[in-house]
Amino acid sequence: MQNPKNIWIKHPLATLKPDYAGGLVVAGSRIIELVAAGRTPSQPVNEIFDASEHVLLPGLINAHHHFYQTLTRAHPVALNKALFPWLTSLYPVWAKLRPEMVEVSTQIALAELLLSGCSTASDHHYLFPQGLEDAIDIQVAQAQQLGVRVHLTRGSMSLGEEQGGLPPQSTVQSEDIIIADSERLIRRYHDHQPGAMVRVALAPCSPFSVSTELMKMSAQLATQHNVQLHTHLAETHDETAFCQKMFGMRPVDYLESVGWLSNRVWLAHGIHFNEEEIGRLGQAGVGIAHCPSSNMLLASGQCPTLDLEAAGCPVGIGVDGSASNDGSNMITEVRQALLLQRLRYGASDITHQKVLDWATRGSAACLGRDDIGDIAVGMQADLALFRLDDIQFAGAGDPLAALILCGAKQADCMMVAGRWRVRNGAVCGLDIEALKARQRELAAQLI
């Protein structure tokens, strides 16, 4: 067997930490050496990548998304609406999804994420109308083709309009079907090993779209197979009112009642908690995926990120669905987090380093990973390299701060598991123009 090639990412323009100012060495899928400023690698290298004009970051990690929603960006029926009317407008549209639509929208979302510096993406797919039963299988195939690391969550909806929920009946499934397919996907695709490229989590959509029994069954199955749990929670005041009417309790109390207060769980949004609830979430180690653009577009509110972190919750960043964000750009989402959270906590506590930490180590912790999200010996070689030669950086001082404050939009190069997936601003091996053209055709069919 041939030994892996040693690649020296040499002399980056800026890094998150000074201990690898001289770069790093990659062998196979892992980082094997950090190089101090002014030093050279201690062992021979086969290839050198000159990073002297690049800011070097760990690959960004997207903790919450809905890939299929790239088909319904700025959809006419959903404009200028808050969460519940937005959902009820779009559910009938999404009910018409077909397998090719899932395939193409997944490619678009993953390519857009890659180009924005994202190496690992979590997706929450919860729509399985007739003919779309293999949606997660389709997503796995596209992720493997593009070489992106993914955490695919088997979402579910079991409360349709007839049971007092929001989704149309054509989009919901029975508890037995959901649990059986969840177990199938875990057994077929979930990789427990360090460096896993595909992991599966269980993700009932939200308290207003699944039954109490399904929440409990999902928690039991996750414990049985040692996988993560994910759902939307405390996104709007409407959700709190729904939980109180439907279950007689607030969302966090409901979460606890169904066995979901644990460090196996990460939640999307997490906006409307009181002080006591934040303490309970932190004590349990529940993760929170902060989705700033979506929260602003739907006027949902501001996640209490620093309070959650201080209580013990990992905090990550998610772009959320491209129909409540209208984009899948991870580096711009990091800037949005900085701007939105400064309104809540001020400039001195919300720094560019803080939001980058959320988008890397914080998101990794939400996903239950300790092998990604940082640059250190033994970690996976997931790397994002950004140039600062676009017009918005002209005159910028601190390169790392400029990346966020001046508004970087695209990575120049991306490495995932030691393999180049983006070079010179293009996704390797992807005809992106043909892909965009087909996406437009499919989106037009939904309109």
Side-chain angles (χ1 to χ4, degrees), residues 62 64-97 101 105 108-109 112 123-127 129 155-157 159-172 203-210 231-246 250-251 267-273 289-303 317-329 332-333 336-337 339-340 343-344 439-440 442-447:
N62 179 26
H64 181 67
H65 204 356
H66 307 289
F67 294 163
Y68 72 88
Q69 289 184 15
T70 59
L71 288 161
T72 53
R73 308 179 205 252
H75 197 286
V77 303
L79 298 176
N80 308 320
K81 293 179 179 177
L83 178 66
F84 275 24
W86 176 85
L87 280 171
T88 53
S89 298
L90 282 169
Y91 275 143
V93 178
W94 296 334
K96 299 173 186 175
L97 288 174
M101 291 177 173
S105 61
I108 283 282
E112 192 176 356
D123 187 64
H124 188 182
H125 188 93
Y126 50 80
L127 284 154
S156 53
M157 298 194 292
L159 285 183
E161 292 169 320
E162 294 175 7
Q163 293 85 31
L166 296 183
Q169 288 304 123
S170 64
T171 64
V172 303
C205 183
S206 62
F208 49 83
S209 57
V210 299
T231 194
H232 299 92
L233 201 84
E235 184 175 358
T236 66
H237 289 301
D238 286 345
E239 180 190 324
T240 301
F242 181 94
C243 284
Q244 289 174 321
K245 179 182 178 181
M246 193 83 170
R250 287 173 56 84
L267 308 172
H269 305 296
I271 297 170
H272 299 290
F273 300 130
H290 175 37
C291 304
S293 293
S294 173
N295 295 165
M296 288 187 278
L297 191 142
L298 296 176
S300 300
Q302 295 176 326
C303 176
I317 292 180
V319 301
D320 199 10
S322 295
S324 66
N325 177 329
D326 301 304
S328 303
N329 191 305
T332 62
E333 200 66 28
Q336 292 283 59
L339 297 177
L340 181 61
L343 290 178
R344 188 181 187 100
Q439 171 90 343
R440 293 187 190 104
L442 294 171
Q445 292 174 19
L446 288 177
I447 293 176

Q: Determine whether Tyr91 and Met157 satisfy the following criterion, side chain to side chain contact (heavy atoms under 4.5 Å, CB included), listing intermediate values before the conclusion.
A: CA-CA 12 Å; Tyr91 275 143; Met157 298 194 292; 3.8 Å; yes

Q: Identify the heavy atoms of Gly321 and Gln69 that sit nearest to each other, and give their distance.
A: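 In terms of heavy atoms, the two residues are closest at CA-OE1, 3.2 Å.
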
Q: Got Ile271 and Asn295 here, is their nearest side-chain heavy-atom distance under 4.5 Å?
A: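 Result yes, sub-4.5 Å side-chain heavy-atom pair found.
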
Q: So, does His290 use its side chain to make a donor-acceptor pair with the main chain of Ala337 at under 3.5 Å?
A: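 No: the side chain of His290 does not pair with the backbone of Ala337.
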
Q: Determine whether Glu161 and Pro167 make a side-chain contact, defined as any pair of heavy atoms from C-beta on separated by less than 4.5 Å.
A: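 Side-chain contact under 4.5 Å: no.
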
Q: Could you go through Leu298 and Phe84, starting from their C-alpha distance and side-chain angles, then the distance that decides it, and tell me whether this counts as side chain to side chain contact (heavy atoms under 4.5 Å, CB included)?
A: CA-CA 10 Å; Leu298 296 176; Phe84 275 24; over 6 Å; no

Q: Is Ser322 close to His66 at the side-chain level, that is, under 4.5 Å between some pair of heavy atoms?
A: no

Q: Measure from the side-chain N and O atoms of Asp320 to the backbone N and O of Cys291, and report whether any donor-acceptor pair falls under 3.5 Å.
A: no

Q: Do Ser324 and Trp86 meet the criterion of a side-chain donor-acceptor pair at a distance under 3.5 Å?
A: no

Q: Which heavy atom of Gly270 sits nearest to which heavy atom of Cys303, and what is that distance?
A: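 Looks like O-SG, 3.5 Å.
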
Q: Do the side chains of Ser89 and Lys81 get nearer than 4.5 Å, heavy atoms only?
A: yes

Q: Check step by step if side chain to side chain contact (heavy atoms under 4.5 Å, CB included) holds for Gln163 and Gln169.
A: CA-CA 9 Å; Gln163 293 85 31; Gln169 288 304 123; 3.2 Å; yes

Q: Looking only at side-chain N and O atoms, does Glu333 offer a donor or acceptor that is under 3.5 Å from a partner on Ser293?
A: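 A pair is found: one side chain offers a donor N or O, the other an acceptor, under 3.5 Å apart.
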
Q: When the aromatic ring centroids of His269 and His64 are compared, is their separation below 6.0 Å?
A: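 So the answer is yes for these two rings.
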
Q: Counting C-beta onward and ignoring hydrogens, is there a side-chain heavy-atom pair between His124 and Phe67 closer than 4.5 Å?
A: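 The answer is no, as the side chains (C-beta and beyond) never meet within the 4.5 Å cut-off.
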
Q: If you round to the nearest 0.5 Å, how far is CG of Leu343 from CD of Gln302?
A: 5.5 Å

Q: Any side-chain heavy-atom pair from Glu239 and His272 closer than 4.5 angstrom?
A: no

Q: Any side-chain heavy atom of Ser156 within less than 4.5 Å of one from Val210?
A: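 The answer is yes, as the side chains (C-beta and beyond) meet within the 4.5 Å cut-off.
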
Q: Quick check: do Leu297 and Asn325 have side-chain heavy atoms less than 4.5 Å from each other?
A: no

Q: Could you walk me through whether Arg73 and Glu112 pass the salt bridge (charged side-chain N to carboxylate O under 4.0 Å, His left out) check?
A: CA-CA 14 Å; Arg73 308 179 205 252; Glu112 192 176 356; 2.9 Å; yes

Q: Quick one: does Gln439's side chain have a donor or acceptor within less than 3.5 Å of a partner on Thr70's backbone?
A: yes

